[in-house]
2 protein chains.
Amino acid sequence: MPRAATTSDAFNAVAEPRRREILNFLALQERPVGDIVDSLNLEQPSVSKHLRVLRQTGLVNVRRDGRRMLYRTNAEAIRPLYEWTSTFERFWRHQLSRIKKRAEAKEDDGPESDPIYKGE
Amino acid sequence: MPRAATTSDAFNAVAEPRRREILNFLALQERPVGDIVDSLNLEQPSVSKHLRVLRQTGLVNVRRDGRRMLYRTNAEAIRPLYEWTSTFERFWRHQLSRIKKRAEAKEDDGPESDPIYKGE
DNA sequence: ATAATACATTCCCATATAGGAATACGTCAA
DNA sequence: TTGACGTATTCCTATATGGGAATGTATTAT
C-alpha cells in the first residue's frame, strides 16, 4: 500500500510546506489565486493544484468573484491537528528539565544518525 | 518532484495514522517493539519501519535493554506542529459564530464535492 | 557453540504525488 | 462575437512510499 493520498485528511494535506504557506497567507482574509502566485512565488498551475487539495480536505473555502476565485483558510479544519498535538503539551513540559541536562552534556546535533547496528 | 520524504520533518512523519497511534502509545512510558506490535495489531516489520521514520525525525528516542529496544515519544519534536496549528486558534474562535449560521441552514455534508466547473 | 528471542532491513510492487509544459474552461470587456 | 483574463485540468515523469514476505543481526539462554 502506497502512502495515503494528500486529500485523505488535514494531516496529509498540511505535510506539504507550500500548502502551509498558502494557509498562512489565506488566514487573515480571502484572496484571489493570483495574489498567492505573486506572494509565494509559485507557478499558477502549482497553486491551483495545491488549492484543490486544500479544498478537498476542507482547509479552504472558495467563492467566485467575477472571473476570480477568492480563497480563504477554514481554520476549523485545522483544529483536529491542534487537538492531537495538544495532547502532548504536558509531556514536553515535563521532559524539558530532564532532557536539558543530557543535552548540555552531550551537545548532540540532529535527531539520529541511525546507527542501530554496528555491523557493516 | 515527488512528495517530500516522510522523514523530511515532523509534519510528514505524523501524516501516517499508524505513526500517530504509535506516538500516542509511547507517550506515557517507554515500551519495547513487541508491545506496540501486540497493542496496535500490526506486523512487526511494519512497526520497525514506522519506528525508523519516527527516529529519523526525532519523534522518538530509543534505548537498548538486553535484546529489547525501548522506545519513547519525544514530545518536544511535536511542538513545531502544535505551534503552527496554534496560530489558527484565534481564527476558528472567530469563525464559529459566522459558520454556524450557514451550517444550520444548509446542513451540508463533507467538505467539497469539487464542482468548480459546470461543463462536462 | 547453538538455539531461541527480539528487532531491523531488504526486496518487490502498486500507487500517489509535485512540478513543468501545454491546454481547456468560465467570465467579463469591447 | 471575439478576445483577454484568471483559473483549473491534463499529460508526463521521477521519486517515495507502506505492506507483505523473507532474511539479516544482536543478545541472551542452554
Atom-pair distance (CZ on B/Arg52; C1' on D/dA16), nearest Å: 13 Å
Going through the distances and angles, do B/Tyr82 and A/Tyr82 end up as a ring pair (Phe, Tyr, Trp, His ring centres under 6.0 Å)? CA-CA 6 Å; B/Tyr82 172 79; A/Tyr82 171 79; 5.7 Å; yes
Quick check for you: among D/dG19, D/dA14, C/dG19, whose closest atom lies nearest to any side-chain atom of B/His50? D/dG19
Go through the side-chain N and O atoms of A/Arg19 and A/His50 and say whether any donor and acceptor fall under 3.5 Å apart. yes
Comparing B/Met1 with A/Pro2, nearest DNA chain C nucleotide closer to 5' gives the residue A/Pro2
Out of D/dG18, C/dT10, C/dT27, which nucleotide sits closest to the side chain of A/Arg64? C/dT27
As an exercise, state the distance from CG of B/Asp9 to OG1 of B/Thr57, rounded to the nearest 0.5 Å. 8.5 Å
What one should report as the nearest heavy-atom pair of B/Arg72 and B/Leu28 is NH2-O, 3.6 Å
Side-chain N or O of B/Tyr71 versus OP1/OP2 of C/dA6: is the shortest distance under 4.0 Å? no
Regarding B/Trp92 and A/Asn74, is there a side-chain donor-to-acceptor distance under 3.5 Å anywhere? no
Non-hydrogen atoms of A/Ala13 and A/Val53 that approach each other most closely: CB-CG1, 4.1 Å
Please report, rounded to the nearest Å, how far the C1' atom of C/dG19 is from the CD atom of A/Gln44. 13 Å
Would you tell me if any nitrogen or oxygen in the side chain of A/Ser46 comes within less than 4.0 Å of OP1 or OP2 on C/dG19? yes
When every non-hydrogen atom of B/Phe88 is compared with those of A/Leu23, the smallest separation belongs to CE2-O, 3.7 Å
Name of the residue among B/Arg68, B/Arg63, B/Arg67 meeting side-chain hydrogen bond (donor to acceptor under 3.5 Å, both in side chains) with B/Asp65: B/Arg68
Which atoms form the tightest heavy-atom contact between A/Ala5 and A/Asn12, and what is the distance? O-CB, 3.5 Å
Over how many whole Å does the gap from B/Asn41 atom CG to D/dG20 atom P extend? 12 Å
Using a heavy-atom distance cut-off of less than 4.0 Å, which residues of residues 3-10 of chain A contact DNA chain D? A/Arg3
Under 4.0 Å: is that the gap between some side-chain N or O of B/Arg19 and OP1 or OP2 of D/dG18? yes
Pick the nucleotide of DNA chain D nearest each of B/Pro45 and A/Val47; which residue has the one closer to the 5' end? A/Val47
Please list, in numerical order, the residues of residues 22-35 of chain A that have a heavy atom closer than 4.0 Å to any atom of DNA chain D. A/Pro32, A/Val33, A/Gly34
Nearest 0.5 angstrom please: B/Arg31 CZ to B/Phe25 CZ, how far? 4.0 Å
Rounded to the nearest angstrom, tell me the gap between atom CG in B/Asn12 and atom P in D/dA16. 12 Å
To the nearest Å, give me how far apart CZ (A/Arg20) and P (C/dA18) are. 12 Å
Could you state the atom-to-atom distance from CD of B/Gln56 to C1' of C/dT9 in whole Å? 12 Å
May I have the distance from B/Leu40 (atom CG) to D/dG19 (atom C1'), rounded to whole angstrom? 16 Å
What's the CZ-C1' distance between A/Arg67 and D/dT2, to the nearest Å? 13 Å
